[in-house]
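Scroll down for the structure; my scribbles are underneath it.
From a predicted model like this one, the values you see are computed outputs, not experimental measurements. Starting from 1, each residue takes its place in the sequence as its number.
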Amino acid sequence: MTIQSSAERKYRKNSKAPLLPQKHDDFEARESGIDGASFSGAVFNLSTTIVGAGIMALPATVKQLGLIPGLLMIVLASWLTESSIDVIIKFSGASKSASYSGVVADAFGGVGRTLLQVCIVVNNLGMLVVYMIIIGDVLSGTWLNGIHHSGVTEEWFGQHWWTTRFSLLLLTTLFIIVPLVSFKRVDSLRYTSALSVGLAVVFVVIIAGVAIVKLLDGSISMPRLLPHIVDQASFWKLFTTFPVLVTAYICHHNIHPIENELKDPTQIKPIVQTSLTLCSTVYIATSFFGLLLFGDRTLDDVLANFDGDLGIPYSSLLDDVVRVSYGIHLMLVFPIVFFSLRLNLDGLLFPYAIPIAFDNRRFFLVTAALIGFIFVGANFVPSIWDAFQFTGATAAVSVGFIFPAAIALRDTHGIATKNDRLASWLMIFLAVSSSTIAVFSDIYSIFSADNGVGG
């Protein structure tokens with residue numbers, strides 16, 4: 001006989017959920033559909049899931065590919081992302097699954113479900129550590145190539161104990177991140193998500209405005225339109241850009257949590273289309289104007305370009321506005337990505353437990369453990385960047401393309417169209433080939449650096 005809590009009994013009464021045993025993630029996913037979320041709130045939450053740190057790597061990606069191929073690849077990545085999400089939604093309905101991992105389990109069983117959840121946990125955990133590292137860089141500064149780049153608090157107030165990296169990240173974690181990750185419904189974050197999207201737009205407006213001003217006064221010229229290929233190594237390096245494009249659109253892990261809270265779940269497809277259109281517009285504008293503004297000086301993280309004189313009046317003020325707005329943007333993206341991280345980790349550890357939202361003790365312990373790991377990783381493990389170069393080329397690509405493509409090709413319900421299968425084969429080819437090349441390229445770079453090759 002199973003002893004049920006009053007919260008669980010209330011849940012079962014309201015949602016007409018089946019009795020245990022029930023797999024955790026589908027059971028968890030349905031608990032949030034009591035109060036319906038709005039279309040606009042869902043668009044903001046999904047858009048915030050998409051637009052994270054990837055926006056800052058896109059100008060360098062387009063520089064590597066050339067302007068025309070680079071912008072076309074952004075559009076292609078958006079189309080493939082929409083196709084992969086469409087597969088997930090289609091097979092979710094056919095299998096009556098209320099979670100991404102439930103759809104995978106329907107196609108590949110418990111092993112497939114577990115593998116997907118591991119990929120989501122690895123991807124999201126790595127992403128959040130990187131977010132916190134960037135927040136620390138913005139606030140307190142960082143060392144690059146032996147040169148210290150000051151953070152905004154050091155520039156404004158000088159060096160004090162409370163402007164150190166540890167102190168600022170601790171304060172940010174306790175007073176901003178912890179309250180935001182304490183919400184048990186993703187729709188509760190709709191207002192912070194709207195602000196996050198607005199801050200991303202502010203960045204685009206600033207970078208576009210500066211680029212246009214400098215273009216009009218003749219101080220910059222049009223960037224290279226096509227890739228610069230001088231040898232075999234430069235050709236293969238082009239493929240290393242694809243994992244960056246895939247990571248920039250990863251949002252698959254939050255599709256079901258958002259859908260399950262909608263007033264009308266049938267709106268999920270137009271919500272996805274609206275979000276992808278909005279984010280693609282932001283990405284294209286950022287890439288175009290960022291490359292136009294900085295040209296061959298565009299750094300791997302274009303935010304680092306806003307650390308000096310832009311060559312226009314009020315340059316220092318604009319630098320600070322860009323860095324501060326982007327730092328706040330990442331703080332607001334953090335809880336959206338954290339939501340699905342906690343859900344999937346809890347599903348791995350407690351697959352048959354009642355929903356984590358109804359177990360305050362488990363909710364607190366899982367949340368505290370994750371926040372502690374992310375905080376320690378961002379403060380004390382500097383080499384963690386190398387590890388997440390690999391996870392971006394493996395876990396993120398798997399979540400975004402490999403699993404959806406595999407679901408469509410397996411087609412356990414006989415509903416995949418010819419276009420689904422063609423798109424799936426394209427996803428697998430691009431994902432496997434580019435990820436393999438990216439991983440070997442990263443390994444080569446690491447060993448070359450260790451052996452003193454190339455400088």
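Two residues are said to be in side-chain contact when any heavy atoms from C-beta on lie closer than 4.5 Å; Ile407 and Asp106 fail this criterion. Annotation: side chain of Val322 is in contact with side chain of Leu303 (closest heavy-atom distance under 4.5 Å). Residues Met132 and Ile177 are in side-chain contact: their nearest non-hydrogen atoms beyond the backbone lie under 4.5 Å apart. Between Val103 and Phe403, the closest side-chain pair of non-hydrogen atoms is not below 4.5 Å. For the pair Leu65 and Pro227, the minimum side-chain heavy-atom distance is 4.5 Å or more. Taking the side chain as every heavy atom from C-beta outward, Phe306 and Leu318 never approach each other to under 4.5 Å. Residues Ser78 and Tyr283 form no side-chain contact, since every pair of their non-hydrogen atoms from C-beta on lies 4.5 Å or further apart. Put simply, the side chain of Ile374 reaches to within 4.5 Å of the side chain of Phe334, judged on heavy atoms.
Rounded to the nearest 0.5 angstrom, Leu195 CG and Phe44 CZ are separated by 10.5 Å. Within the model, atoms CZ of Phe91 and OG of Ser97 stand 11.5 Å from one another, a figure rounded to the nearest 0.5 Å. Note that the CZ atom of Arg113 and the CG atom of Leu348 stand 10.5 Å from one another [nearest 0.5 Å]. Between the CD atom of Glu82 and the OG atom of Ser280 there is a distance of 9.0 Å, given to the nearest 0.5 Å. Separation of atoms CG (Leu199) and OG (Ser325) is listed at 6.0 Å; rounding is to 0.5 Å. The structure places CD1 of Ile206 at 10.0 Å from CG of Leu310, a figure rounded to the nearest 0.5 Å.
At distances below 3.5 Å, not a single donor-acceptor pair connects side-chain atoms of Asp187 with backbone N or O atoms of Gly41. Arg362 places no side-chain N or O within 3.5 Å of a backbone atom of Asp346 that could act as its donor or acceptor partner. Remark: side-chain polar atoms of Thr48 are not paired, donor with acceptor, to backbone N or O of Val333 under 3.5 angstrom. A side-chain donor-acceptor contact under 3.5 Å links Tyr100 to the backbone of Val399. Asp411 places a side-chain N or O within donor-acceptor distance of the main-chain N or O of Ile415, the cut-off being under 3.5 Å. Remark: side-chain polar atoms of Thr281 are paired, donor with acceptor, to backbone N or O of Thr277 under 3.5 angstrom. Using a distance-only test at 3.5 Å, with no hydrogens or angles considered, a donor-acceptor pair links the side chain of Arg224 to the main chain of Lys63. Between the side chain of Lys184 and the backbone N or O of Ala357 there is at least one donor-acceptor pair closer than 3.5 Å. Checked by atom type and distance alone, the side chain of His252 pairs as donor or acceptor with a backbone atom of Gly400 at under 3.5 Å. Although no hydrogens or angles enter the test, the distance criterion places no donor-acceptor pair under 3.5 Å between the side chain of Asn305 and the main chain of Phe294.
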>> With side-chain contact (heavy atoms from CB on, under 4.5 Å) as the criterion, how do Ser182 and Thr367 come out once you've worked through the C-alpha distance, each side chain's angles and the decisive distance to 0.1 Å?
In response: CA-CA 8 Å; Ser182 299; Thr367 301; 5.7 Å; no

>> The test is side-chain contact (heavy atoms from CB on, under 4.5 Å); show your working for Val272 and Ile85 and say whether it passes.
In response: CA-CA 8 Å; Val272 170; Ile85 293 174; 3.9 Å; yes

>> Could you walk me through whether Lys90 and Asp420 satisfy the side-chain contact (heavy atoms from CB on, under 4.5 Å) test, starting with their C-alpha distance in whole Å, then the side-chain angles of each, then the deciding distance to 0.1 Å, before giving a yes or no?
In response: CA-CA 11 Å; Lys90 183 185 298 184; Asp420 289 336; 2.6 Å; yes

> Checking ring pair (Phe, Tyr, Trp, His ring centres under 6.0 Å) for the pair Phe401/Phe429: CA distance, chi angles, key distance, verdict?
Replying inline: CA-CA 10 Å; Phe401 285 166; Phe429 170 75; over 10 Å; no

>> Pair Val62, Thr298 - check side-chain contact (heavy atoms from CB on, under 4.5 Å), show working.
In response: CA-CA 10 Å; Val62 173; Thr298 304; over 6 Å; no

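Counting only N and O atoms by type, the side chains of Asn123 and His253 include no donor and acceptor under 3.5 Å apart. Asn254 and Thr49 share a donor-acceptor pair across their side chains, judged by distance under 3.5 Å alone.
Of all non-hydrogen atoms in Ala408 and Ser424, the two that sit nearest each other are CB-OG, 3.3 Å. Minimum heavy-atom separation, Val181 to Arg342: O-NH1, 2.6 Å.
The salt bridge (Lys or Arg N to Asp or Glu O under 4.0 Å) pairs that include a residue from residues 264-286 are Asp86-Lys269, where partners are two or more places apart or lie in different chains.
Taking the six-membered ring where the residue is Trp, the centroids of Phe339 and Phe183 are separated by 6.0 Å or more.
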